Q: 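A single structure is presented below for examination.
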Amino acid sequence: MNIFSIIEGRILDAVAALQSQDVLPGDVEPKGLTVEAPRDAAHGDVASNIAMVLAKQAGLKPRDLADLIAKQLRSGDGIEAVEIAGPGFINMSLGKEIWRDVVWAVLEQRDRFARSNVGAGMAVNVEYVSVNPTGPLHVGHCRGAVFGDALANLLDFAGFGVTREYYINDAGAQVDVLARSAYLRYREALGDDIGEIPPGYYPGDYLKPVGQGLAAEHGRALLDKNEDEWLPVVREFAIAAMMDLIRDDLETLNIHHEVFFSERSLIEGGVNAVAETIAFLKRQDLVYEGRLPPPKGKLPDDWEDREQTLFRSTNFGDDIDRALIKSDGSYTYFASDMAYHRDKFLRGFKTMIDVWGADHSGYIKRVGAAVDALTEGEGDFDVKVCQLVRLFRAGEPIRMSKRAGAFVTLRDVVDEVGSDPVRFMMLYRKNDAVLDFDFAKVTEQSRDNPVFYVQMAHARAHSVLRNAEEVFPDILEDLEKCDRSVLESLVDKGEITLMKRLAQYPRLIEGAALAHEPHRVAFYLYELASDLHVQWNRGKDLPQLRFIRSDDRGLTVARLALVKAVAHILASGLTILGVHAPHEMR
RNA sequence: GCACCCGUAGCUCAACUGGAUAGAGCGUCGGACUUCGAAUCCGAAGGUUGCAGGUUCGAGUCCUGCCGGGUGCGCCA
């Protein structure tokens with residue numbers, strides 16, 4: 001039940017009525033129409049800019065048009081008062097029965113409340129994490145992982161058909177380095193003294209079990225072979241082991257992908273998807289042989305001016321055209337990536353969302369250009385860039401050395417503070433702003449710490465329900481069986497505030513989903529939690545406001561209904577964020 | 001040099017994608033515990049939204065140019 005779309009419907013009805021009376025032209029378009037809660041409560045419960053949006057098209061002054069629309073609205077149910085304000089806003093105050101309807105709807109629909117069909121089942125591909133399979137996840141990967149997962153949850157809740165996907169970069173030079181590093185550990189496992197790990201190899205201890213695994217499976221058989229013989233074998237084994245490691249790391253945050261897509265699979269097996277993609281572009285004259293200017297900034301040592309195969313990404317807004325084939329004849333990473341995004345489109349994903357780290361922001365334009373070209377404008381491509389996370393310990397920044405083993409792993413962080421604080425804090429900020437993460441703060445039990453504050457609100461709601469059962473045995477059964485009319489006794493301003501906040505939730509979900517901004521859910525939950533804590537505390541000064549009124553079982557049932565509805569929404573939002581909604585805090 | 005992101009109260013951040021008098025928390029100051037857990041709440045002070053123009057009924061939000069901070073620039077991945 002979304003009161004804003006209900007009111008929007010009323011407004012559009014009013015416009016249609018005016019059209020049928022020839023007061024408005026038949027072809028006016030309410031482009032840019034908003035129906036929202038005004039910032040200032042003095043402006044009523046719902047405000048619309050409809051008159052300002054249509055004024056020019058109608059050839060009327062905004063306030064005059066607002067007046068005409070307002071007259072139509074006054075006859076509608078549920079709207080108690082309509083006022084024209086400022087340049088032509090239509091402000092509406094709604095009757096209390098609307099808010100009671102919201103509470104009732106929450107109680108009836110529980111975790112289905114605010115589920116939306118704005119997505120209309122449209123297939124959306126959310127690709128996130130996609131870390132090179134060369135080692136465990138470190139803390140820098142955490143944010144994108146949590147963000148992508150929560151965004152996928154949110155889109156799912158809003159009615160999209162979501163697929164969570166991980167792109168495995170298993171085709172580049174870095175997995176060959178992985179294979180050689182694993183081979184060293186294999187020799188080590190067989191008793192060779194390998195000494196220090198030479199530069200250019202992955203030194204981490206996490207490869208030791210991989211070496212042992214290779215030794216167990218192949219014995220000494222790989223020792224006599226040439227590199228070009230053992231490398232593919234070791235590589236495949238090591239990549240599989242690394243992906244297991246990564247999946248285990250993601251498991252600690254309860255993150256699961258439905259699809260793991262191998263880069264290598266694009267060129268191996270029957271069809272060469274990269275070649276097909278390049279051929280597709282060639283047919284549209286978007287690929288040519290040419291030269292590029294040298295890169296700006298410091299010139300790479302091995303840069304050479306040469307003729308190469310280029311994609312005309314400048315046709316689609318990129319700064320320069322991009323190379324597709326390396327001098328050794330193999331495809332560039334970008335060429336594979338083009339084929340990969342084309343593959344997503346051919347699998348039926350018109351909407352593709354990629355979640356990347358800040359260090360890849362320079363890559364957005366060219367992939368956007370590629371998607372435009374490959375889908376002939378049909379694809380809807382959005383990159384969500386997650387900015388850096390800066391780690392602090394009690395206010396002191398944690399320096400991350402590039403030396404071996406000095407990275408803070410994702411697992412370290414989750415082990416120390418737990419999954420819930422990590423997930424919530426990663427989402428309690430816009431994705432494109434840098435985020436500070438303080439180990440001490442996120443486990444603090446205070447209002448300072450939004451994770452705790454929101455979870456506490458949920459726990460408190462359940463604590464109230466438990467306590468009510470002590471005062472009034474079986475009152476929760478009354479609550480189950482009660483009639484919607486019990487809600488009529490919810491008239492206190494704090495109760496109304498809570499009901500109005502609940503009424504915001506469906507619209508918030510839709511807005512956050514369409515904007516791809518899960519952080520809005522986190523901020524909303526903080527506000528809802530605050531409303532509940534406030535009302536709970538008002539009961540200290542004003543005992544008649546307490547949720548549990550030992551002298552009035554009927555009123556208590558009504559208030560418990562509200563508390564329960566709030567708990568449902570807190571749990572709903574926390575579930576989208578992937579954070580637990582505890583029934584008690586310990 | 002170029003591209004992208006950020007710049008909002010002393011600090012950390014919101015602001016429903018162009019709406020009305022820019023809001024929270026922390027910190028500061030002043031208050032409230034024989035409670036349904038004070039693990040909290042109430043009140044006050046605090047702003048030329050980095051600067052300068054522009055677009056329109058209306059700009060923190062869009063456009064242009066500066067200033068400051070961050071990230072990146074390749075046939076790497």
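Only a predicted model underlies this, so the values are computations on that prediction, with no experimental measurement involved. Just so we're on the same page: letters track the sequence lines, and every chain starts at 1.
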Q: Under a 3.5 Å cut-off on both pairing distances, which runs of 3 or more consecutive Watson-Crick or G-U pairs involve RNA chain B?
A: B:1-7 with B:67-73, B:10-13 with B:23-26, B:28-32 with B:40-44, B:50-54 with B:62-66
Q: For the pair made of CZ in Phe547(A) and C1' in C41(B), what is the distance, rounded to whole Å?
A: 13 Å
Q: For a quick check of understanding: with a heavy-atom distance under 4.0 Å over all strands, which category does Ala515(A) fall into, base, sugar-phosphate or nothing?
A: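 Here Ala515(A) touches the bases of the nucleic acid.
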Q: Quick one: which of A77(B), G25(B), U71(B) gets closest to the side chain of Ser361(A)?
A: U71(B)
Q: Select base, sugar-phosphate, or nothing to describe what Leu388(A) touches, counting heavy atoms under 4.0 Å on all strands.
A: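 Counting heavy atoms under 4.0 Å across all strands, the contact made by Leu388(A) is with sugar-phosphate only.
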Q: Given atom NE2 of His141(A) and atom P of A77(B), what is their separation to the nearest angstrom?
A: 16 Å
Q: Between C16(B) and Arg507(A), counting only base atoms on the nucleotide and side-chain atoms on the residue, is there a donor-acceptor pair under 3.5 Å?
A: yes
Q: With a non-hydrogen cut-off below 4.0 angstrom, is Ala47(A) in contact with a base, only sugar-phosphate, or nothing?
A: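 Result for Ala47(A) = base.
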Q: Indicate the atoms forming the closest heavy-atom contact of Leu427(A) with Ala150(A), along with that distance.
A: CD1-CB, 3.6 Å
Q: Whole angstroms only, please: what is the CG-P distance between Asp436(A) and G7(B)?
A: 14 Å
Q: Using a 6.0 Å distance limit plus a 45 degree cone around the ring axis, check whether Arg312(A) lies over the aromatic ring of Tyr288(A).
A: yes
Q: How many Å lie between CD1 on Ile84(A) and P on G19(B), as a whole number?
A: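 One finds 19 Å between P of G19(B) and CD1 of Ile84(A), rounded.
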Q: What distance, rounded to whole Å, do you find between the two P atoms, one in C73(B) and one in A59(B)?
A: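 Their P atoms lie roughly 40 Å apart.
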Q: Could you tell me how far apart Lys493(A) (NZ) and C42(B) (P) are, to the nearest whole angstrom?
A: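 My rounded result for the distance is 10 Å.
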Q: Kindly say if Arg366(A) contacts the phosphate of G74(B), meaning a side-chain N or O under 4.0 Å from OP1 or OP2.
A: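 Checking Arg366(A) against G74(B): at least one side-chain N or O falls below 4.0 Å of OP1 or OP2.
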Q: Determine whether a donor-acceptor pair (one donor, one acceptor, N or O, separation below 3.5 Å) exists between the side chain of Arg538(A) and the base of C41(B).
A: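 When only heavy-atom distances are counted, Arg538(A) does not reach the base of C41(B) through any donor-acceptor pair under 3.5 Å.
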Q: Quiz question: going by heavy-atom distance under 3.5 Å, is there a donor-acceptor pair between the base of C36(B) and the side chain of Ser463(A)?
A: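 Result: no qualifying N/O pair found.
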Q: Look at the aromatic rings of His533(A) and Tyr453(A) and report parallel, tilted or perpendicular, splitting at 30° and 60°.
A: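 Tilted, since the angle between the ring planes falls between 30° and 60°.
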Q: Starting at CG of Leu33(A) and ending at P of G18(B), how long is that distance when rounded to a whole Å?
A: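 In whole Å, G18(B) P and Leu33(A) CG are 14 Å from each other.
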Q: Measuring centre to centre across the rings, with the benzene-like ring taken for any Trp, is Tyr167(A) within less than 6.0 Å of Tyr340(A)?
A: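 Yes.
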Q: Tell me: CD1 of Ile3(A) to C1' of C16(B), nearest whole Å?
A: 13 Å
Q: Please state whether the phosphate of C16(B), meaning OP1 or OP2, lies under 4.0 angstrom from any side-chain nitrogen or oxygen of Arg520(A).
A: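 The answer is no; no side-chain N or O of Arg520(A) sits under 4.0 Å from OP1 or OP2.
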Q: What class does the angle between the rings of Tyr363(A) and Tyr333(A) fall in, given that below 30° is parallel, 30 to 60° is tilted and above 60° is perpendicular?
A: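 Tilted: the ring planes of Tyr363(A) and Tyr333(A) meet at 30° to 60°.
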Q: Between A77(B), A14(B), C41(B), which nucleotide gets closest to the side-chain atoms of His519(A)?
A: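 The closest nucleotide is A14(B).
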Q: Polar atom pairs between nucleotides 55-60 of chain B and protein, under 3.5 Å, N or O only, would you list them?
A:
| from | atom 1 | to | atom 2 | distance (Å) |
| --- | --- | --- | --- | --- |
| C57(B) | OP1 | Lys56(A) | NZ | 3.2 |

Q: How many whole angstroms separate atom CZ of Arg559(A) from atom C1' of C36(B)?
A: 12 Å
Q: So is the aromatic ring of His360(A) stacked onto the base of G72(B), judging by whether the centres are under 5.5 Å apart and the planes are under 30° apart?
A: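 Aromatic stack with G72(B) absent for His360(A).
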Q: Going by modelled atom types, is there a donor-acceptor pair between the base of A20(B) and the side chain of Asn91(A) at under 3.5 Å?
A: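 Check passes, donor-acceptor contact within cut-off.
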Q: With heavy-atom distances below 4.5 Å as the criterion, would you say the side chains of Val417(A) and Phe437(A) are in contact?
A: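 SC-SC contact between Val417(A) and Phe437(A) confirmed.
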Q: Compute the centroid of each ring, for Phe392(A) and then for Phe439(A), and state whether the two points are separated by less than 6.0 Å.
A: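 Centroid distance Phe392(A)-Phe439(A): not below 6.0 Å, so no.
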Q: With respect to the side chain of Arg306(A), which nucleotide from C75(B), A77(B), C16(B) is positioned closest?
A: C75(B)
Q: When you compare the ring of Phe89(A) with the six-membered ring of G19(B)'s base, are the centres less than 5.5 Å apart and the planes under 30° from each other?
A: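 Not stacked: fails the 5.5 Å / 30° test.
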